[in-house]
Each structure stands twice: as structure tokens, then as C-alpha cells.
There are 2 protein chains.
Amino acid sequence: MGRPPSAKPTSFDIAYLAGVSQPTVSRALRGSKSVSAATRANIERIARELNYTVDKNASSLRSQRTHTLALLFFEDPTPDESMINPFFLSMLGSITRECALRGYDLLISFQQMHNDWHVAYQDSHRSDGIILLGYGDYQLYLTKLEHLVEMGTNFVRWGSVSDDGIGLTVGSDNVGAGEQAGAHLVEIGRRAIAFLGDASDHAPEFQDRYTGLCRAMRAAGISPDPALQRDAVSSEASGYAAAQSLLAGRASFDAIFAASDLIAIGAMRALAEAGLKLPQDVAIIGFDDIPAATLTSPTLTTVMQDMKGAGTLLVDALLASIDGRPVEQRVLPARLIKRQSTAV
Amino acid sequence: MGRPPSAKPTSFDIAYLAGVSQPTVSRALRGSKSVSAATRANIERIARELNYTVDKNASSLRSQRTHTLALLFFEDPTPDESMINPFFLSMLGSITRECALRGYDLLISFQQMHNDWHVAYQDSHRSDGIILLGYGDYQLYLTKLEHLVEMGTNFVRWGSVSDDGIGLTVGSDNVGAGEQAGAHLVEIGRRAIAFLGDASDHAPEFQDRYTGLCRAMRAAGISPDPALQRDAVSSEASGYAAAQSLLAGRASFDAIFAASDLIAIGAMRALAEAGLKLPQDVAIIGFDDIPAATLTSPTLTTVMQDMKGAGTLLVDALLASIDGRPVEQRVLPARLIKRQSTAV
DNA sequence: ATAATATGCGTATACGTATACCCTATGGTC
DNA sequence: GACCATAGGGTATACGTATACGCATATTAT
């Protein structure tokens with residue numbers, strides 16, 4: 001049981017000083033109940049004095065648990081590679097916070113993963129599980145998700161809940177949010193409501209928002225006009241183009257519900273350039289409540305998602321899945337933030 | 001040399017199939033030149049067929065190199081914990097990209113670290129080095145930096161280059177950028193130029209920008225008026241307050257140079273509420289070129305920093321330091337982006 | 001031809017921790 | 001007082017890789 005203290009302290013050094021064996025040190029520090037209170041206290045004291053920290057690699061190697069999660073972004077490739085959807089960024093904060101709270105480290109990557117990103121983080125024992133974020137081309141990565149399931153990888157993703165049943169999903173109540181937006185527009189007297197955002201199953205979340213809008217319109221006795229829907233991905237440029245296309249169309253409209261704030265902001269620019277007055281001529285609602293939504297003129301009415309709750313729920317669900325605990329799909333409520341763009 | 005293939009393949013499995021010893025597999029996959037081309041090719045083929053990946057923990061434990069960097073944020077605590085300075089976020093993209101390119105993983109944390117964050121990532125062998133980002137209270141963490149140096153921890157930080165000589169710093173040419181901004185304001189005929197941003201040594205970057213502004217003014221024969229400087233931290237609220245204080249002061253001004261875009265945006269709101277016309281009554285320049293700078297009205301003239309270069313340089317410098325290669329402090333050029341807020 | 005190198009690879013072992021298993025002393029049970 | 005359970009902690013070993021060393025065989029120098 002010899003061996004004097006050396007450079008970076010190990011559990012052996014502590015054991016030596018405490019007059020016990022190395023395994024006892026390990027047990028004491030990990031809270032095993034087969035160590036007496038006195039011994040534990042002594043070991044903890046020495047550990048503190050030596051500034052001892054458990055070697056993450058050795059610990060992970062032995063226990064096969066890394067206490068690390070990986071966060072992967074799937075985004076449409078943007079011209080500027082360093083651009084990240086502001087919406088996801090605000091989620092980042094709550095995820096890191098939640099991980100820290102649970103004693104987990106967080107690995108992060110924005111890379112457009114090649115074919116075997118699934119291998120990269122789980123098989124090589126870098127992380128215990130994966131969080132997937134992204135608006136990216138949805139169909140394209142479904143097969144990869146299936147692969148993940150097949151390999152027994154633990155993962156959760158943010159998106160449209162219960163869309164395909166692959167793995168675990170956490171998301172906002174997009175349909176409900178769409179209904180709120182639609183109801184508000186109807187309430188302020190709008191009847192020809194356009195929707196900007198992909199309504200196909202390539203973007204389930206956008207589709208859900210459109211579904212909610214339509215539901216609200218029908219509840220008010222309005223029948224949604226398909227001619228007033230335009231595809232758009234979540235970017236200002238795409239919103240600008242979609243709004244121009246709408247303006248060029250024959251169908252008139254007095255309101256727009258955009259599937260994201262970036263789309264809305266692009267659309268507002270197109271409308272302003274066309275000489276339309278907001279919100280008098282066209283009321284507009286966005287989605288996400290990004291910081292810029294308060295800077296536009298008029299300020300943008302939008303749907304705020306519960307970012308803090310999202311981070312918590314994602315990490316929560318993933319850890320449950322890792323620990324083999326049962327876990328239910330959960331949907332987060334969203335809230336309509338009324339600003340000038342719908343104030344008439 | 002026995003042992004048949006098992007569940008998750010290890011280097012032993014490959015060795016068994018290739019008819020060589022485990023160390024040879026390790027050597028082959030790591031590119032050692034003491035393995036024949038034929039043997040190497042065979043081993044690589046088998047590894048591919050088995051979907052083999054090196055176990056990160058075992059590898060790190062043995063080699064004492066994690067091939068992982070840690071990114072830590074120091075921010076002023078904000079009411080909303082999940083808010084992150086948009087400026088740093090745009091750097092995040094280029095850092096992750098650079099890490100991936102070099103084969104490094106990236107650990108991330110936004111936590112207001114307690115007293116011993118320095119220990120947390122290096123001593124426990126989670127990462128080979130640390131990248132520090134933040135506008136936070138500068139003096140407050142100087143002692144911690146010294147501690148890092150003392151412990152032999154590898155780290156780089158973003159900030160004002162050559163301010164204190166502690167560790168390695170990468171940053172923009174803040175003085176030069178301040179000069180550009182000042183020169184531009186002088187060029188459009190402004191002479192009473194106010195500065196919003198802490199000019200003390202609590203915020204060396206802001207101080208540098210102020211220094212540059214003063215230098216440009218003096219070059220034009222204008223003597224900077226200390227009464228036109230107001231402290232502000234990088235937030236909209238702080239900028240708003242600073243501008244109000246300025247308006248309440250007796251000294252008149254026809255231009256503002258704000259130390260960050262968030263400050264500028266807050267100031268613009270205060271000016272607009274005071275009934276001033278931008279840029280006719282007051283021209284304004286920000287710093288950072290955050291996305292919102294194009295959304296304000298008028299759109300905001302600002303200084304764009306080289307984010308991509310920043311990420312590359314930070315990672316570059318850190319890796320050099322880790323590898324014991326010599327590394328020089330480097331400064332990145334910044335560029336003035338002229339928009340409506342200075343268009344007269 | 002013989003000694004000196006180099007090439008290619010096997011043997012042994014270390015990295016630091018966590019856990020299965022075993023042993024000893026104590027206390028309680030009848 | 002023999003018997004068994006329990007607490008407390010030691011012994012041995014595994015996790016999967018990387019590297020120091022040694023030992024053949026092949027190559028070159030002399």
C-alpha cells in the first residue's frame with residue numbers, strides 16, 4: 001500500500017496519505033455506503049488539500065460512462081459558414097446550463113457531418129448520448145436517424161413531436177402556436193392570411209404551424225387559400241423572396257404568418273419596398289422571438305418558445321434514456337408576443 | 001495473440017483478424033513508419049470493415065492527450081441567463097469549424113465559473129487547453145489568469161492584445177478600428193464626438209477603441225472632450241442609459257462612437273425618444289456588426305471584426321502552445337462598414 | 001565473410017479508476 | 001458458546017490503448 005505523493009495527485013496518493021487502499025478512496029469519493037463516515041471525511045479532506053480531481057479518462061474507461069453529452073447542429077449550409085440560426089443559439093444557453101447542473105460536460109459541433117457522424121461520438125466513447133438540433137433537410141437525415149436507433153445510440157432531437165416515431169423528440173406545440181397566431185389575426189379583422197414557410201413534410205415544424213393557422217381560420221369560418229402559401233426556409237433572403245412572389249401573385253392578402261422571424265423580417269423588407277404600410281395594409285406575425293424582433297419597425301409580433309424549458313427537457317429526456325428510465329414525448333407550450341406589427 | 005472478435009471491436013480484434021499483435025494495430029492506425037505498407041493496408045481495411053473507432057478514453061488515458069479543447073465564456077451575468085453576446089456566438093461557428101478541421105473536439109461551458117474552473121478542465125484531463133471568451137469584469141479574473149499560468153495550463157483568450165502580458169491573447173486591432181471610426185466621423189464633418197463605453201482599464205478593449213477615436217480626433221486638430229464620454233457595458237439597456245446621461249449633460253454633441261452595437265442600439269432608442277434625427281442631428285457608429293445592425297433604422301454603421309480569422313487564430317495559437325511551438329501574439333485587422341447612421 | 005545498421009514487429013507494461021470478490025472483526029441470535 | 005449476518009475495507013483485475021524495449025531477419029559497410 002506504499003507509494004508517496006507525486007506530481008498530479010492520483011487516488012493512490014490519497015490512499016497513501018489516508019492509510020487506506022486506493023479502492024477505498026474511489027468508493028469514498030463516489031459515495032459508496034460501505035465506507036465509514038470517519039474514513040470518508042478524512043479522504044475528502046485530503047482530496048481537497050491536494051486539489052485532487054478524478055481523471056476523466058480513466059474513470060470513463062473503467063466505468064464505460066463518459067458523463068458527457070454531444071450537441072450536433074444540422075443546418076442548411078449557409079453562404080457564411082459561421083452563421084447559426086439565432087433561435088438555436090438561445091437554446092444553447094439553457095442546454096449548457098442544464099448539463100452543468102447535472103454534472104455533464106457538453107461537446108459541440110456544427111459541422112455538416114459526413115456519413116458516419118453517428119459513429120463519431122458514441123462508438124468512440126466520447127459521449128453517452130447525442131442532442132440533435134436543426135431545421136436542415138429533414139427527409140435527408142431520417143435514414144441516419146434510423147441508423148442511430150439501430151445501433152442503440154441514445155439521442156434526442158428538437159422538432160415536431162410525434163411526426164415519425166423515430167427516437168425521442170422534444171418540441172414546441174407548433175400546431176397550438178399556429179392557432180394562437182391565426183386567432184389573433186382573425187381577431188384584429190384579417191381574413192386573407194398568407195403563410196410563408198415550407199408546408200410540406202420536409203419541414204414538419206413549419207407544416208404544423210400552418211396546420212394550426214388553418215385550423216384557427218376554419219374555426220372563424222374562413223377557408224384558407226392555398227394560393228396564399230409560399231415555401232420558404234428560415235432565412236431573411238428566403239422570406240424576402242417569398243414575399244415578393246406573394247406580391248407578384250394575383251391573390252390579395254391583409255396578413256402574413258411567417259414560419260420564423262427571419263422569414264418575417266425578410267418579408268417586411270419586401271413589403272416596405274413595395275410601399276405597403278405595416279400593420280395597416282398587412283399585419284405580420286413571426287416565430288421564435290429572436291432579439292432582432294424588437295428592433296424592426298414596426299416591432300414584430302411573434303411566437304416565443306420556451307427555450308429554458310426546451311433545454312431542460314432535452315437534457316432530461318436524454319439522460320432518462322441513457323439511464324434506461326421510461327421517458328415520454330413532451331410538448332412545450334408557446335406564447336404569442338403581441339407587438340406593433342399586429343397593432344391596429 | 002488469441003481472442004476472437006467481440007461486440008464493440010477493439011484493437012485486439014483487429015490484431016486477431018490481421019494476424020498481428022495489438023501494438024502493431026495501434027502503430028499502423030496512428031501512422032507509425034515502423035509498419036510495412038502491406039501490413040498497414042491490411043489493418044486499415046479490417047478496421048474499416050469492422051467500423052472500428054479508437055476508444056477516446058483509453059487513448060487519452062495512455063497518451064495523456066485528449067485532443068479536446070474547452071471553450072469558456074465569461075459574461076456579465078444577465079437577467080436572462082440564456083442570453084449570450086451575439087458577437088461571441090458568431091465566433092463560435094469558426095471555432096468549432098477550426099477544431100473539427102484539426103481533429104479536435106470542443107467542450108463548451110457558459111457557466112459563471114466558481115473559484116476553481118481552472119482545475120475543472122485541465123487537471124481532470126478533460127481538455128488539452130482552454131479558450132477564454134468574455135467581456136466580463138476584467139480585473140476580477142486577472143488573478144485567475146495568473147493562477148492558470150502558474151499551473152502550466154495552456155490557454156488563449158480573446159481580448160486586447162498586449163495589455164498585461166498574462167498568457168496568450170488574440171484580438172482585433174481595436175485602436176486602429178477606433179481610428180477608422182473617428183476618421184470617418186471627422187470626414188463627414190462631425191467635431192463633437194461622444195464615446196459610450198467604459199474607458200477605464202476594467203475593459204481594455206473599449207479603452208483601446210476610445211484611444212483610437214481620440215487619436216483620430218487629434219489628428220484632425222480636435223481635442224477630445226472628456227465630458228462626452230460615458231461608461232457603458234455591452235448591453236442595450238446600458239447604452240440607453242448612457243445616452244440619456246449624455247443628453248442630460250450640458251455638453252452638446254453631433255456624433256457618437258459606441259463601443260459595441262448593443263450599446264449603439266440602446267443609444268439610438270434614447271436619441272429617437274428625445275426627438276433627435278439620425279444621422280442628421282447625431283451620427284452614430286457601433287462595433288461588432290451583429291446581424292441586428294442591418295435592422296435598425298437607420299441601419300447602423302459599425303466595425304466588423306474578422307470572426308473567421310479570430311476562430312482560426314485562437315485555435316491555432318492554442319494548439320501551438322500545447323505543442324510547445326513558439327507563438328506570437330497577433331492582431332486582426334477590423335473593417336468599417338458604412339451604413340445609413342453616418343450617411344449625410 | 002563479419003560486424004554494424006536498419007526494418008518490422010512481438011513482449012511487457014503503464015495510464016488511473018471502478019468493481020467483483022474475498023476476508024476479518026464485530027454484534028446479535030438461539 | 002457455536003452460528004450467521006453485517007459492516008468496513010483489502011486484493012486482484014479489467015477497461016483499451018500507446019510506448020519503451022528487445023529480438024529476429026534483412027541490409028549494408030568493411
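Bear in mind the structure is a predicted one, so any value in this text is a computation, not a measurement. In the text below, chain A, chain B and the rest are named by the order of the sequence lines, each starting its count at 1.
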Whole Å only: how far is the [atom1] atom of [X] from the [atom2] atom of [N]?
X: B:R65; N: C:dA14; atom1: CZ; atom2: P; answer: 23 Å
X: B:R30; N: D:dA20; atom1: CZ; atom2: C1'; answer: 15 Å
X: A:Q64; N: C:dA20; atom1: CD; atom2: P; answer: 13 Å
X: B:D13; N: D:dC15; atom1: CG; atom2: P; answer: 11 Å
X: B:I14; N: D:dA18; atom1: CD1; atom2: C1'; answer: 15 Å
X: A:N57; N: D:dG16; atom1: CG; atom2: C1'; answer: 12 Å
X: B:F12; N: C:dA12; atom1: CZ; atom2: P; answer: 12 Å
X: A:K8; N: C:dG16; atom1: NZ; atom2: P; answer: 11 Å

Mind checking if B:T39 touches a base, just sugar-phosphate, or nothing, with heavy atoms under 4.0 Å?
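Sugar-phosphate contact only - B:T39 comes under 4.0 Å of backbone atoms but never of a base.
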
If you check the [X] side chain, which of [options] turns out closest?
X: A:T24; options: C:dA18, D:dG10, C:dG16; result: D:dG10
X: A:S34; options: D:dG16, C:dG16, D:dG9; result: D:dG9
X: A:A58; options: D:dG10, C:dC9, C:dG16; result: C:dG16
X: A:P23; options: D:dT19, D:dT17, C:dA18; result: C:dA18
X: B:R27; options: D:dA20, D:dT11, D:dT17; result: D:dA20
X: A:S26; options: C:dT11, C:dT19, D:dG16; result: C:dT19

Side chain to side chain, B:I166 and B:R157, heavy atoms closer than 4.5 Å
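The answer is yes; the side chains approach within 4.5 Å.
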
Between B:Y52 and B:V54, is there a side-chain heavy-atom distance shorter than 4.5 Å?
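Yes, side chains in contact.
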
Ignoring backbone atoms, test whether [X] places a side-chain nitrogen or oxygen under 4.0 Å from the OP1 or OP2 oxygen of [N].
X: B:S36; N: C:dC9; value: yes
X: A:S59; N: C:dT17; value: no
X: B:S11; N: D:dT17; value: yes

Checking side-chain polar atoms at under 3.5 Å, does [X] have a donor or acceptor matched by the opposite partner on [Y]?
X: B:S172; Y: B:Q305; result: yes
X: A:K56; Y: A:T66; result: no
X: A:S124; Y: A:R126; result: yes

Quick one: on DNA chain C, does B:L61 or A:R62 contact a more 5' nucleotide (nearest heavy atom)?
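Here B:L61 is the residue nearer the 5' end.
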
